[in-house]
Amino acid sequence: MFAYIIRRALYAIPILVGVNLLTFVLFFVVNSPDDVARMHLGMKRVTPEAIEKWKEEHGYSRPLLYNADASGTGKLTETIFYDKSVRLFAFDFGSSDAGRDIGEDISQRMWPSLAIALPTLLIGLLVNISFSMLLAFFRGTYLDLSGVMLCVVLMSISGLFYIIGGQYLFSKLLHLVPVSGYEPGLQAWRFILLPVVIGVFSGIGSSSRWYRTIFLEEINRDYVRTARAKGLPEVRLLFRHVLKNALVPILTGIVVVLPLLFMGSLIMESFFGIPGLGSYTIEAIQTQDFAIVRAMVFLGSVLYILGLLLTDISYTLVDPRIRLS
Amino acid sequence: MRAPGLLFNRSIPFIKWMLCLVAVTATVACSDQPWNSPYPPEQAGQNILYSSFSARPNHLDPARSYSSNEVVFTGQIYEPPLQYHFLKRPYQLEPLTATQLPEAYYLDAAGQRLPDDAAAEDIAYSVYDITIRPGIRYQPHPAFARDRQGRYRYHALHEQDLDGVNALADFSATGSRELIAADYVYQIKRLAHPRLNSPIFGLMSEYIVGLKEYAATLERALEEKGTDHYRLNLADYPLAGAEVLDRYRYRIRVKGKYPQFLYWLAMPFFAPLPWEADVFYSQPGMKERNITLDWYPVGTGPYMLTVNNPNRQMVLQRNPNFHGETYPREGDPGDVQAGFLEDAGRPMPFIDTVIYSLEKEAIPTWNKFLQGYYDVSGVSSDSFDQAIQIGSGGDIALTPEMQKKGIHLSTAVSTSIFYMGFNMLDPVVGGDGKRARLLRRALSIAMDYEEYISIFRNGRGIAAQSPLPPGIFGYVEGREGINPFVYDWTPQGPRRKPIAEARRLLAEAGYPDGRDIETGKPLVLYFDTTGGTPDSSAQQNWLRKQFARLDIQLQIRNTDYNRFQDKMLKGTAQIFQWGWNADYPDPENFLFLLYGKNGKVEHNGENAANYNNAEYDRLFEQMKNMRNGPERQAVIDRMVAILRRDAPWIFGFHPKDFVLYHDWYHNAKPNLMANNTLKYKRIDPALRELRREEWNRPVVWPLILIVLVLVVSVLPAWIGYRRHENRRVKVVSS
Amino acid sequence: MIQPVLLWTDALIFVLLVVVLVFAWVARGREHLRAPWREVVRSRIAVASLVVLGVYTVTGLLDSVHYRKALPTQDGQQETQYSGDVLSLLDTLLGPLRTQEEKTYSAPFATQLYAKETVSGPDGTQTRMFPRLKYGGAHLSDPASQKGADIARRSALALAEAVAVLLLLYGLLGLRLARKWRRSWRAAMGTIASGKAEVPWRTALLTLAVFVLLITLMINLSAAYHVLGTDKVGQDVLYQTIKSIRTGLVIGTLTTLVMLPFAVFLGMMAGYFRGWVDDVIQYLYTTLNSIPGVLLIAAAVLMMQVYMANHPELFETMAERADLRLLFLCLILGITSWTGLCRLLRGETLKLRELDYVQAADAFGVSKSSILLRHLLPNLMHLVMIAVVIDFSGLVLAEAVLSYVGVGVDPTTQSWGNMINRARLEMAREPMVWWSLLAAFSFMFVLVLAANLFSDAVRDAFDPRLRAQR
């Protein structure tokens with residue numbers, strides 16, 4: 001087990017190098033360092049000398065990937081790519097092109113993201129499981145049918161509409177929650193309430209339908225039929241056996257997204273003005289701050305790989321027949 | 001087997017916990033604060049002004065900050081020697097930290113003093129001697145903190161001393177000191193610092209004596225020493241153009257005659273900076289903790305920046321060491337009636353704290369303003385109809401809904417221009433040829449900016465007749481002021497020439513019905529822009545409609561900002577839209593946008609159209625140094641006439657700023673030049689508290705309704721379940 | 001004279017159409033492919049959604065035939081010159097909808113603008129009023145009293161037309177089925193009406209009836225009114241939503257078309273060859289997967305803009321620029337979404353290659369490529385089919401979100417995402433402008449709902465596990 005984890009961690013390194021190289025190439029195919037400099041120096045009265053200076057100051061004056069002027073390994077190490085990427089592996093994100101320390105920013109902005117993502121996930125899980133259990137319980141009746149139809153209808157509505165509609169109704173018309181914003185600490189609940197409700201609601205459609213299928217699959221198994229034939233009440237059957245066994249695929253499916261919760265939701269955060277990592281990424285893309293984009297991509301891929309690893313481990317935990325080798 | 005059991009055993013504490021949460025919710029809700037208040041309850045009733053920022057300011061270092069969103073902060077913190085009078089119009093300079101407005105005296109090349117009325121070409125240098133008021137002190141700041149022996153406490157820190165320090169507030173000791181003339185000189189030297197990239201270094205090195213050479217000196221010094229850049233003690237390197245005369249006096253020497261220089265002295269670029277700040281911030285480990293001058297400015301102004309979290313909010317707090325200033329006692333006629341002189345003679349500033357929250361989107365910002373959570377708001381085109389109605393006589397008034405809320409409106413034509421430029425280097429629309437000129441003039445008529453203003457700005461703007469906006473010297477009102485190539489004069493005012501006239505010009509230019517008379521090819525023009533916002537596609541559709549009226553096809557080339565800049569620099573754009581916001585209220589600041597030696601492609605200047613007309617350039621050089629008066633007006637008139645004939649721009653429009661503010665907000669007279677107006681503002685927090693409560697009563701019944709609907713929809717399921725169970729029981733029992 | 005224009009996406013759409021037709025023709029002859037489809041068309045919901053999808057597809061196809069009109073020739077001119085406006089067949093059919101532009105917002109069926117305007121009277125006085133529209137209800141002298149009756153009259157006419165068209169369709173269908181079933185026309189008509197036919201023809205007809213009625217209503221009413229109002233610059237909202245159909249379909253279908261070859265072949269190769277091939281392919285998709293999609297898309301869109309800025313001569317018209325951006329978006333969405341299917345197919349192939357018949361083929365020395373193509377591919381087709389159908393609705397919805405982030409389709413392309421994006425500002429207006437949002441939302445909703453329902457039916461029919469359960 002331990003050896004397996006080590007091996008997977010080593011396996012992650014080439015992936016991270018690949019991710020880094022790809023983002024680097026993608027970004028600099030589009031934006032030459034000159035562009036980046038101009039972007040950051042502003043609109044008025046920018047001189048070529050200022051651009052040169054800026055590039056030098058922020059480490060963009062070297063060649064991108066290959067330094068023909070240097071000697072030996074310097075050909076590869078004295079480049080922007082080497083300069084900017086190697087430190088990432090030590091989780092040293094450096095400072096953004098605008099001059100702020102990225103690690104500091106990330107550690108600050110991760111909490112609002114989590115404050116929204118975690119409740120959304122947990123409450124969503126609770127709501128979806130109860131709803132799909134209800135459907136499974138009433139399978140084949142008009143309730144089940146209309147429930148599934150409702151799911152399809154909910155699925156077919158664009159997520160943007162939930163946000164726009166929810167904000168309009170609850171904040172503007174009913175004055176129930178603040179329109180947008182964020183406040184750390186205990187006061188945060190007033191700001192995350194609406195995003196969480198909307199997040200849960202917009203997820204009901206697809207998740208509940210999926211969970212219902214899992215439940216039905218489980219209900220049709222032999223042991224359930226046997227138990228039922230023995231006269232076990234339906235409710236106890238559902239909670240005792242079906243739920244327990246169905247939770248396995250549901251939870252293992254969720255594990256992979258767990259680490260990514262840190263990354264926050266791009267759309268939700270920018271609509272509700274929540275200073276999380278999602279809006280941080282969007283801003284970085286819009287202001288073409290490569291340092292931040294690179295850091296976020298790196299972080300994202302690390303978390304993704306972590307998620308895959310966690311999934312593998314959780315499989316072995318729930319099903320002892322699977323051995324990791 | 002245990003998992004579900006666990007879940008359900010835990011469910012009881014879980015329910016308890018939920019109940020607690022509800023209880024907490026209820027208590028918070030029962031506090032006198034409305035549910036939807038975005039602010040913590042303890043701020044209720046305090047003398048706090050709430051505002052917003054949409055993009056985090058990049059630079060708060062006075063040598064570097066130039067953007068309007070940065071000046072919002074730097075203007076309140078730094079005090080340059082001069083400022084604009086808050087109430088008087090046209091804009092007037094008055095001393096701020098200086099004792100009086102400096103008067104320049106002139107020297108010839110040999111250093112001999114010249115009479116004040118000497119001809120501009122004889123003047124080699126202008127000299128400004130500035131005296132500052134004694135007794136002004138800096139805001140409390142750790143950079144000034146000293147220990148008992150009088151040594152600076154935080155000037156020789158090691159990396160490990162900074163453990164646990166994340167913000168400036170984590171330094172326990174602070175200090176202050178008196179403002180001296182040397183601080184002003186120090187800042188002027190910083191403009192040339194090679195590591196600071198001051199945006200005005202290029203411009204100022206043309207004027208301030210020795211500044212260009214000074215940059216080279218510093219560069220050399222840096223290379224020799226190889227030390228960290230701030231560690232350079234600028235006092236060791238004298239600058240010919242800026243010298244300290246004594247503790248309270250300093251002297252600036254400017255090349256030639258440059259009367260506009262005084263305006264620069266009212267900008268934060270020329271504010272004082274204590275050398276202690278540079279030493280403090282340049283210590284190792286500071287930058288990694290985001291503690292830099294760009295984030296924590298040090299000034300003498302009425303406010304100081306205490307919280308700078310660009311991810312969420314920025315807080316300005318009253319500077320306890322502020323030297324004190326009183327509200328002006330006189331203003332324009334009409335200011336008394338408008339209530340702008342109620343506070344005359346009272347000590348400023350009035351507001352204790354200003355909280356700027358990050359707002360990325362316009363809609364939430366507007367909604368929060370309506371709910372009373374922001375004190376001031378602009379008017380976006382989409383909320384316009386809700387806020388403002390235009391009376392039958394064209395008079396602008398607030399809608400009854402706004403009036404009922406006690407919201408006030410202030411309007412001002414801003415000192416800026418949005419124009420559509422032709423790249424004069426382009427073979428089709430550019431150049432001095434007759435054909436292209438007629439084409440440009442035809443397009444000038446076809447681009448119906450009155451309609452643009454009415455659709456996209458709800459009438460918040462006036463169509464421009466020349467580059468000069470109203471309020472700037474040289475602007476001519478009325479019949480004489482119209483552009484005769486585009487407008488006819490009618491008793492109701494200027495009227496755009498009919499489209500038939502534009503078509504006639506187009507035919508004369510050799511494109512009858514939008515097709516080349518020789519080849520029959522349809523005329524295709526290209527508009528280069530940086531699109532992306534939802535509104536931009538509507539605007540682009542509108543643009544195409546305008547060109548289509550002349551049967552010209554307009555192709556829109558959307559690119560990102562960088563690509564656009566690149567095109568402008570290389571001169572490969574054809575038609576573009578650009579704007580200019582005045583640095584200072586002088587016609588020179590607008591007419592230089594078309595001065596040949598400012599050509600974008602050749603000189604990397606601000607003349608984006610690359611317009612080059614020898615006669616215009618000659619007149620510009622003459623006008624630049626003149627005093628406002630009939631002679632200057634005559635020169636400006638000639639320059640404007642040349643521009644109208646050549647039409648290198650379609651003079652788009654001058655936007656009108658509409659500002660809405662609540663009943664509790666006072667002294668809201670718009671001042672587009674001054675950037676330190678916060679200290680004049682006053683609010684009435686008690687009234688605000690009252691209104692907020694009144695406007696934000698939560699509406700709960702729909703929630704109850706939703707719960708009811710849920711219950712009703714689950715009911716059949718429950719009944720079904722009961723029936724099911726009963727049947728089972730029966731089956732089992734039978 | 002017209003000059004046909006073949007945009008990139010047009011070409012690909014027609015390629016896709018041909019592929020689908022060929023597949024259908026092949027499937028006709030093979031029972032194992034035909035059976036699930038027969039299953040699909042027996043479901044009433046599936047047939048109804050198929051009709052909906054059909055109507056959307058026809059609209060999209062009509063909108064994919066592009067041409068440029070010639071300009072009138074001038075004296076002494078050698079060659080014909082063409083207008084820079086690229087039109088589609090649909091534009092021609094919609095005729096007045098495209099050209100009848102007002103100045104700015106107007107509500108559905110309005111006869112006046114939505115915003116007040118200062119109008120100078122002949123005597124020089126200025127009044128602030130809602131001006132009449134240029135086209136909407138322009139034929140009425142007194143809209144207040146005449147509008148209701150006029151709309152009712154036009155609607156009644158539309159109803160009559162719709163009934164006539166439907167009766168005709170019903171009759172024709174009866175004829176066709178009578179021949180097929182070898183029964184009398186009357187008997188066939190009766191079977192259709194009773195809803196007892198094997199294929200639920202009645203449902204199909206009823207669904208079609210709704211659309212026929214909507215279309216006749218649109219034809220009758222939109223000539224004189226803006227049925228769904230106008231947008232900020234006075235463009236008809238109905239026209240925009242109809243034009244958006246093509247964008248939605250292109251993104252939903254071409255994206256999968258682009259990704260399919262990668263996903264299928266890489267997935268199969270990884271599963272079949274294992275070893276280093278598997279390692280490389282796994283490495284590839286894990287790497288791609290771990291980059292946030294938005295960033296990849298943003299970078300690609302920017303890249304394409306650079307390319308277009310550097311090669312302006314390649315893009316004569318604006319339609320071509322917008323089209324290329326659309327294609328690029330499909331490509332890049334494809335690249336970000338092929339990994340899921342690839343992984344699925346890899347797993348399935350790993351299982352299949354151990355089966356006896358594959359092992360046997362291997363032992364007989366059948367070439368690897370033919371094992372892949374003849375033995376493995378057909379057994380994976382159901383997974384591919386399900387993935388394609390399911391992805392479709394997700395992609396249509398994704399377009400809206402991407403437009404919000406600013407990396408969606410070109411702002412000049414009509415798309416639901418762009419409409420919703422603009423609507424955000426309109427919602428904040430007071431009085432609110434709701435019709436753009438509602439129009440985009442309902443058109444998109446109907447399409448996605450139909451696609452979801454259809455994909456359900458397809459999955460039920462194709463998924464062997466589900467089939468076994470029944």
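Letters A, B, ... are given to chains in the order of the sequence lines, protein chains preceding strands, and every chain is numbered from 1.
- In this structure, the portion of A:L173 lying under 4.5 Å from any heavy atom of chain B is its backbone and not its side chain.
- With a 4.5 angstrom heavy-atom cutoff, A:S171 touches chain B only via backbone atoms.
- Of the residues considered (A:S180, A:G181, A:G273, A:P275), A:S180 shows the highest number of contacts with chain B, using heavy-atom pairs under 4.5 Å.
- No donor-acceptor pair under 3.5 Å is formed between the side chain of B:N607 and the backbone N or O of B:K600.
- The environment of CZ in B:F53 is crowded: more than 12 heavy-atom neighbours from other residues, nucleotides or ligands sit within 6.0 Å.
- Only the side chain of A:E104 comes within contact range of chain B, judged by heavy atoms closer than 4.5 Å.
- B:F269 has its ring centre less than 6.0 Å from the ring centre of B:Y66.
- Not counting sequence neighbours, the partners of A:D105 by the salt bridge (Lys or Arg N to Asp or Glu O under 4.0 Å) test are A:R100, B:R56.
- Using a 4.5 Å cut-off between heavy atoms, A:F170 touches chain B through its side chain atoms alone.
- Only the side chain of B:P702 comes within less than 4.5 Å of a heavy atom of chain A; its backbone N, CA, C and O stay farther away.
- Neither the backbone nor the side chain of B:Q313 comes within less than 4.5 Å of any heavy atom of chain A.
- Heavy atoms closer than 4.5 Å to chain B are found in the side chain of A:F191, but not in its backbone.
- Each of B:N36, B:N367, B:T365 was compared with B:Y373 under the side-chain hydrogen bond (donor to acceptor under 3.5 Å, both in side chains) criterion, and only B:N36 meets it.
- With a threshold of 4.5 angstrom between heavy atoms, B:Y39 approaches chain A through N, CA, C or O but not through any side-chain atom.
- Using a 4.5 Å cut-off between heavy atoms, B:W695 touches chain A through its backbone atoms (N, CA, C, O) alone.
- Looking only at distances, a side-chain donor or acceptor of B:N598 sits under 3.5 Å from a matching main-chain atom of B:F592.
- Aromatic rings of B:W295 and B:Y281 (six-membered ring for Trp) have centroids beyond the 6.0 Å cut-off, not under it.
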- Message: Run the side-chain hydrogen bond (donor to acceptor under 3.5 Å, both in side chains) test on A:R190 and B:S37 for me, step by step, so that the C-alpha distance in whole Å, both residues' side-chain angles and the decisive distance to 0.1 Å come before the verdict.
- Response: CA-CA 9 Å; A:R190 292 188 302 151; B:S37 167; 4.6 Å; no

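- For B:S357, no part lies under 4.5 angstrom from a heavy atom of chain A.
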